[in-house]
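Below: one structure, written as structure tokens.
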2 protein chains.
Amino acid sequence: MTEARKPGFSDCNNATLRRAARSLGRFYDDALGPTGLKSTQFGLLFQIHISDEPAMGAIAEALIMDLSALGHTLKPLIRDGYVETFADKDDRRVKRVRLTPQGEAKLDEALKLWSIAQRQFEDKVGVEQAAKLRAALDAVADLDLEMPAAAPSN
Amino acid sequence: MTEARKPGFSDCNNATLRRAARSLGRFYDDALGPTGLKSTQFGLLFQIHISDEPAMGAIAEALIMDLSALGHTLKPLIRDGYVETFADKDDRRVKRVRLTPQGEAKLDEALKLWSIAQRQFEDKVGVEQAAKLRAALDAVADLDLEMPAAAPSN
DNA sequence: CGGCGAAAGTGGCATATGCCACTAATAGAA
DNA sequence: TTCTATTAGTGGCATATGCCACTTTCGCCG
């Protein structure tokens, strides 16, 4: 089967990654559907939950996302009362974030469904493989990539 | 170091995948910046290029993306004259897609920059590893996941 | 041939993400 | 202390993606 690989899953690492992300995202989104949360929102709530009233910048950095994008993504969660923000007492530029009681409750609710999806996934690919994949993805995410031309000698 | 792992890169396969996608996406986007194309658009043009005047549904399926999402994503490319559509001559429901000459030219231009980014990435993680990662991601993308509750006995 | 159910897209609506220009506030240099 | 460079966010604008409700065409059955 010389060319059996469906043509075009190009060799682009980025395209392949996005494609997988769309696919897996849909699965987790479906799983979380009953909670009304998207998998991205779930991830964000979780990140906030495990952090200690993190500053927006800290969250953005942890999730490797643009600060402004984080701000946008946070809005629906604030609107729905799951998250609230408050100014840091020592540095008024800093805005800290925390879950509201409803947010904690919603997260608990979502965690139940999430764990089912997670188990479902790991039953398919294997716990070991899943862990390796996550490790590989974290490694990729933390790579210090830079375009050569962008960084001239000095 | 009991909890040394940066707290919160949760064990969620989906969250990890998205995080990596954001990170890598930014790199490829930067690389393609000079062309004015986003890495997603590049991927889409490439997919169209290697297909034979594919129907929208075929593209959506290959990229595992929602048909309507594809339609939306295609708009800026059509507006900018890189892509054009036409009705299938045998089935008027089907809309086929192809690159315009400008689209082909733009793709060529982008491929040059893409290959630099791609090489840069593979120099970091290793060609072998990159290939394995893509294979793993393709496998994940093609998994037939289903929520148990969603599929009752019948 | 008439009509029904499936298939392929479209449009609207909502969230996800990024970049850029701008504002507020702080840390430092003078 | 005052002026400046830096840091943390915000808002606007544009693309990326999905879901759902429709509309148009087909394919097929009676």
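Per chain, numbering begins at 1; letters A, B, ... match sequence-line order. All values derive from a computational prediction rather than experimental measurement.
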Touch class at under 4.0 angstrom, heavy-atom based, for B/Gly57 against every strand present: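 Sugar-phosphate only.
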
Touch class at under 4.0 angstrom, heavy-atom based, for A/Arg79 against every strand present: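 Counting heavy atoms under 4.0 Å across all strands, the contact made by A/Arg79 is with sugar-phosphate only.
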
B/Asn14 side chain to A/Tyr28 backbone, donor-acceptor under 3.5 Å: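 Looks like no, no N/O pair under 3.5 Å.
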
Any donor-acceptor N/O pair, A/Arg22 side chain to B/Leu63 backbone, under 3.5 Å: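 Judged by distance alone, yes, a pair lies under 3.5 Å.
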
Would you indicate, yes or no, if [N] has its OP1 or OP2 atom less than 4.0 angstrom from a side-chain nitrogen or oxygen of [X]?
| X | N | result |
| --- | --- | --- |
| B/Arg92 | D/dT25 | no |
| B/Arg96 | C/dA8 | no |
| A/Thr73 | C/dT15 | no |

Which residue lies more 5' along DNA chain D, comparing A/Lys75 with B/Met65 via nearest heavy atoms: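 Counting from the 5' end, the first nearest nucleotide belongs to A/Lys75.
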
N-O pairing of A/Arg19 and B/Asp142 below 4.0 Å: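 A salt bridge is present here (some side-chain N lies under 4.0 Å from a carboxylate O).
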
Which whole-number value in Å describes the distance from [X] [atom1] to [N] [atom2]?
| X | N | atom1 | atom2 | result |
| --- | --- | --- | --- | --- |
| B/Arg22 | D/dT15 | CZ | C1' | 16 Å |
| B/Leu24 | C/dG18 | CG | P | 12 Å |
| A/Leu74 | C/dT15 | CG | P | 13 Å |
| A/Arg18 | C/dG18 | CZ | C1' | 11 Å |
| B/Tyr82 | D/dT15 | OH | C1' | 14 Å |

Flag for A/Gln118-B/Asn13: side-chain donor and acceptor within less than 3.5 Å: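 Short answer, yes.
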
Protein-nucleic acid N or O pairs under 3.5 Å, nucleotides 19-24 of chain C:
residue: C/dC19; atom: OP2; partner: A/Asp66; partner atom: OD1; Å: 3.2
residue: C/dC19; atom: N4; partner: A/Ser68; partner atom: OG; Å: 2.3

ILVMFWY cluster, A/Leu44 and A/Leu99 together (side-chain gap under 4.5 Å):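 Both belong to a single hydrophobic cluster.
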
Show me, pair by pair, the donor-acceptor contacts under 3.5 angstrom made by side chains of residues 67-83 of chain A, not counting sequence neighbours?
residue: A/Ser68; atom: OG; partner: A/Asp66; partner atom: OD2; Å: 2.5
residue: A/His72; atom: ND1; partner: A/Ser68; partner atom: O; Å: 3.3
residue: A/Thr73; atom: OG1; partner: A/Ala69; partner atom: O; Å: 2.9

Pairs involving residues 103-114 of chain B, ordered by first then second residue, that meet side-chain hydrogen bond (donor to acceptor under 3.5 Å, both in side chains) (sequence neighbours left out):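 Applying side-chain hydrogen bond (donor to acceptor under 3.5 Å, both in side chains) to every pair that reaches into residues 103-114 of chain B, excluding sequence neighbours, yields B/His49-B/Glu104, B/Lys106-B/Glu109.
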
